[in-house]
Number of protein chains: 2
Amino acid sequence: MGTRQRRPTGRPRGFDADEALDRAMRVFWEHGYEGASLTTLTDAMGISSTSMYAAFGNKEELFRKALERYTEGPSAYLARALEEPTALGVATAILTGTIRTTTRPTGPHGCLGVQGALATSDASHAARDLLVTWRDSGYSRVRERFGRAVDDGDLPPETDPALLARYVTTLAYGIAVQAASGVGRDELQDMVDAALLTWPPC
Amino acid sequence: MGTRQRRPTGRPRGFDADEALDRAMRVFWEHGYEGASLTTLTDAMGISSTSMYAAFGNKEELFRKALERYTEGPSAYLARALEEPTALGVATAILTGTIRTTTRPTGPHGCLGVQGALATSDASHAARDLLVTWRDSGYSRVRERFGRAVDDGDLPPETDPALLARYVTTLAYGIAVQAASGVGRDELQDMVDAALLTWPPC
DNA sequence: CCCTTTCTGTGTCGATCGATACGGAAATCC
DNA sequence: GGATTTCCGTATCGATCGACACAGAAAGGG
């Protein structure tokens, strides 16, 4: 065990692709898809543009992979939140996780899934569509989780899971915008704590 | 009265600057500051780049003026909302106005003040800072209005106007993101109606 | 009428955009 | 130890970016 598989034929890669993807994710996160130029990206990744194209395809593919990395890294709180035993626990974990990720002292402020490509030129519609799908996927998972909470009796039977999921995701996206504006972590947390005192709001 | 002032010396402008600014505002609204190229802008405005520079200065100044136009046009609901007699009326008018403006069938989806320049390259930091200031100004006006509502006894004395304003603006910015993703007007309105059933939430 | 002023159309500027061609370097395969 | 494969460094591609030079056109002023 622990034995790495046989080295592939050819000259070995001179950089850590995982580390490079993390750097690229941060650049996209901070500057957005269109605001991140190839020069900015490759400088941060520490590689040449040739190496980037060989390893990741093109800018669009790099963005796609950076978003996957974001989903399983900074945004992993969502998957964990959905496993909370109660709907209120789910909502609390989602919003607290959103605040923590969007206001990290060591990272860019805001959410890659929101500010990565919210309004773009026609040339970048693929990146924008990708994030629309990403956000819609998040909403759907929350809605399904709240649907189960209704079935379980955790939420009142008259609760509309779709409406409730729309409410929580709207707060989450709004928090991402506030964080991008520089609003502090504590203030956002106080706001969420107060908002969740009434539950379910719908 | 009604007499227009004396024609200025020199060749008269061959286009309507007001109309051109409206067109530019729409382009910035739909594509964002960085996604709106000079070609896209001047094509929509129906003028040459020379005329644009002569009339508006440069791209950054054009964006600044387009944002002012947006504030007194599509976003004018905010000023009207602040004049509602009750805090609940203010919140309702703000969120309903946000939904109506960000989901117009004939206009771009979303809010210029949010998606105009949320994450940008360093070269466009001026546009981003402008929108940060714009959003912060909106928040401050709402907070001051809620402060008066507390003084008037419209809101309980233990209410924190800053927290409440942060809550309402967070919902508004979240709505802008949802609208940019294509979420429909009716669904957002149902969500807001349900959310405002509990008031004040904090 | 000519002069001044302002605006317009054409053409183009240097810089940067995303993306590659090409040759040499570094590994495995036989 | 050659052949093969893969990767890296340099240099550059055509397109587009925001911005402007220049000359002619259209108005008022004298």
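Any value given below was found using the heavy atoms of this structure, including those in side chains, with hydrogens, waters and symmetry copies removed. Chain A is the first sequence line, chain B the second, and so forth, proteins listed ahead of strands; every chain is numbered from 1.
- Side chain of B:Tyr53, nearest nucleotide from C:dA19, D:dC20, D:dC17: D:dC20.
- Side-chain contact between A:Glu61 and A:Lys65 is present, with at least one heavy-atom pair separated by less than 4.5 Å.
- Using a 4.0 Å cut-off between a side-chain N of Lys or Arg and a carboxylate O of Asp or Glu, B:Arg80 and B:Glu83 do not qualify as a salt bridge.
- Atom CE in A:Met52 sits roughly 12 Å away from atom C1' in C:dC17 (whole-Å rounding).
- With rounding to the nearest 0.5 angstrom, the OG atom of A:Ser124 is 11.0 Å from the NE2 atom of B:His31.
- Looking at heavy-atom distances under 4.0 Å, B:Ala17 makes no contact with the nucleic acid at all.
- Within a heavy-atom distance below 4.0 Å of DNA chain C, no residue of residues 116-130 of chain B is found.
- When distances are taken from the side chain of B:Ser51 to each of D:dC17, C:dT8, C:dA19, the shortest belongs to C:dT8.
- Atom pair A:Phe63:CZ and C:dC17:C1' shows a separation of 18 Å (rounding to whole Å applied).
- The nearest whole Å value for the distance from the CG atom in B:Asn58 to the C1' atom in D:dC17 is 14 Å.
- Mapping B:Gly14 and A:Ala36 onto DNA chain C by nearest heavy atom places B:Gly14 at the nucleotide closer to the 5' end.
- The A:Leu38 side chain lies nearest to C:dA19 when the options are D:dC7, C:dA19, D:dT5.
- Of the candidates C:dA26, C:dG18, C:dT5, the closest approach to any side-chain atom of A:Arg11 belongs to C:dA26.
- Looking only at side-chain heavy atoms (C-beta outward), B:Arg135 and B:Leu118 come within less than 4.5 Å of each other.
- Taking the side chain of B:Thr39 as heavy atoms from C-beta on, and the options C:dA19, D:dC17, D:dC7, the nearest nucleotide is D:dC17.
- Under 4.0 Å is where a charged nitrogen must lie from a carboxylate oxygen, and between B:Arg64 and B:Glu68 no such pair does.
- In summary, A:Arg69 and A:Asp18 engage in a salt bridge, as defined by a charged side-chain N under 4.0 Å from a carboxylate O.
- Within the 4.0 Å cut-off from OP1 or OP2 of C:dT10, not a single side-chain nitrogen or oxygen of B:Ser48 is found.
- Taking 4.0 Å as the cut-off between side-chain N and carboxylate O, B:Glu19 and B:Arg23 count as a salt-bridged pair.
- One atom, CZ of A:Phe56, and another, C1' of C:dG18, lie 17 Å apart when rounded to the nearest Å.
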With 3.5 Å as the limit, what N/O pairs link the protein to nucleotides 11-16 of chain D?
none

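- When each of C:dT8, D:dA26, C:dA19 is scored by its nearest atom to the side-chain atoms of A:Lys59, the top-ranked nucleotide is C:dA19.
- Side-chain atoms of A:Glu34 and A:Thr120 include no donor-acceptor pair closer than 3.5 Å.
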- Between A:Thr103 and A:Asp186, is a side-chain contact (heavy atoms from CB on, under 4.5 Å) present by the stated rule, with each step listed? CA-CA 10 Å; A:Thr103 61; A:Asp186 294 343; over 6 Å; no

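- A straight line from CZ of A:Phe15 to P of D:dT6 spans 15 Å, rounded to a whole angstrom.
- The 5' end of DNA chain D is approached more closely, in terms of each residue's nearest nucleotide, by B:Thr40 than by the other of B:Gly57 and B:Thr40.
- B:Glu60 places its CD atom 13 Å from the P atom of D:dG18, with the value rounded to the nearest Å.
- Closest to the side chain of B:Arg13, out of D:dA27, C:dT8, D:dA19, is C:dT8.
- The side-chain contact (heavy atoms from CB on, under 4.5 Å) test with B:Phe63 is passed by exactly one of B:Leu131, B:Leu41, B:Asn58: B:Leu131.
- Computed from coordinates, the B:Ile47 CD1 to C:dC7 C1' distance equals 11 Å when rounded to whole Å.
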